[in-house]
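Data block below; observations after.
Counting convention: from 1, in listed order, for ligands and their atoms alike. As the structure is a prediction and not an experimental result, all values here were calculated from the model.
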Amino acid sequence: MSIQTVESPSRQRTRSCATALVCHRCENSYPLEQAIFACPDCGKGLDVLYDYELAARHFRDVPSAERPHNIWHFEELLPIVDASAQARVGQHSGYTPLIRADRLGAELGLSNLYLKDDSSNRPSLSYKDRVVSMSVARLLERGGTEMGCVSTGNVGTAVASFAAKAGVDAYIFYPNALENTKARACMALGAKVCQVEGNYDEANKRCRELAERTGIDFANITLRPFYAEGAKTAAFEIVEQLDWQAPDHIITAAAGGTLSSRLHKGLVELQLLELAETDPTRIHIAQPSGCNPIATAILAEEAEIHAVKPETAAHSLAIGNPGDGYLVIDAVLKRGGTGGFASDPEIFAGIDLLAATEGLLTEPAGGTTIAVLEKLAATGRFAPDDTVVAIITGNGLKTLDDHPPKPWPDKVDCELDAMQAALDELKRGGTLVESAREQLRF
Ligand SMILES: [Zn+2]
């Protein structure tokens, strides 16, 4: 693998206002082009710094209507500086719909409920298209030609898809529990897949060592500071789609903690640029009962995570030792938000409730968000007219084989009387909303 330095005079530059990498803990800073992903001094993760005055000027100069409706809409606040790398990645990613959810809202007693539908993100139907687009663009900036990742599910399909489009070889490492369709999708997209006998946290640790030994960049390990920046775009888009009125609440599922912590960073940046008043927005996170280290720490108001051994049907949330967990705790508590969790039956009931009211089929991560949203609404966490945005992070078509089967009547004769009898029988059955509400009642 040949790696070149990021900037050469002949390359055209994006409008990125990124200036440096900075340690989350000790605040030492490093050049943006330096190939590091953890602080050499203290080992903690790195954040990206920006020149916010310059970014504010750019935003005044180039109005929203003149910007592309894709992941690069807010390119000033993204870390990719090489315009040719940016042009090769993510032209159809991001900018997912913000859907007014009147029917789900009516079920939950919320009159201003919205869904940020990242289950329709491109190209791989999950929020991970935001973060992986940054990893792949960074890899191209550095002249890389191959990439690995460790994945609970959706990172893998995003890496497989982006890598194929960029002409990069992809190697996906999965832990022992995952939704099989996701691994099959990676192979269908031409990636090489390796499942290892260990949980995500164990696989993640070994992949870090593998990256160091082989020199192969891993999308969510060695490129992590860049990867994480992609998550902010969800916050930028939500606020712009609400006509620059920040919502009162955002709720999302949390696994490693990248999305929920960078929602906070994105909101802070919009406020810094005076694009919106975002300080009052609360962030709430949802986790499965069988893997809830971040929610538990938030509820106990503890600053550090106690790792757990995941046992949940929501495989994409099965991270027991979340790398960005401490950032999530800080973000949620600073903003007056909270954490909640849901059992596996409640998670699948959340999937059903969303499906039956809004026609959106999500995976267990999205079901977790809806189940916890229901609990927070039922306990009076939101005022009835608060603006609440729930982020739907993944698509249920990828996980349908893992959902509990629903009863399906035996095949009947293709004959009028038999079919009318079958129809009458179907009409006597309860609705999906009713059965979901039954499961969610606690
Ligand atoms: Zn440090």
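Distances from the Zn ion (ligand 1) under 2.8 Å pick out these protein N/O/S atoms: Cys23 SG, Cys26 SG, Cys39 SG, Cys42 SG.
Remark: the Arg122 side chain and the Ser161 side chain contain no N/O donor-acceptor pair separated by less than 3.5 Å. Side-chain atoms of Glu274 and Tyr52 form no donor-acceptor pair, as typed in the model, at a separation below 3.5 Å.
Under the salt bridge (Lys or Arg N to Asp or Glu O under 4.0 Å) rule, Lys232 has a single partner from Glu75, Glu269, Glu237, which is Glu269.
Cation-pi geometry between Arg138 and Phe226 is met: the NZ or CZ atom falls under 6.0 Å from the ring centre, inside 45° of the normal.
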Applying ring pair (Phe, Tyr, Trp, His ring centres under 6.0 Å), run through His73 and Phe236 and close with a yes or a no.
CA-CA 9 Å; His73 189 77; Phe236 298 157; 9.5 Å; no
Under the criterion ring pair (Phe, Tyr, Trp, His ring centres under 6.0 Å), I'd like the reasoning laid out for Phe59 against Phe74: C-alpha separation, chi angles, the key distance, then a yes or no.
CA-CA 9 Å; Phe59 271 93; Phe74 295 88; 5.8 Å; yes
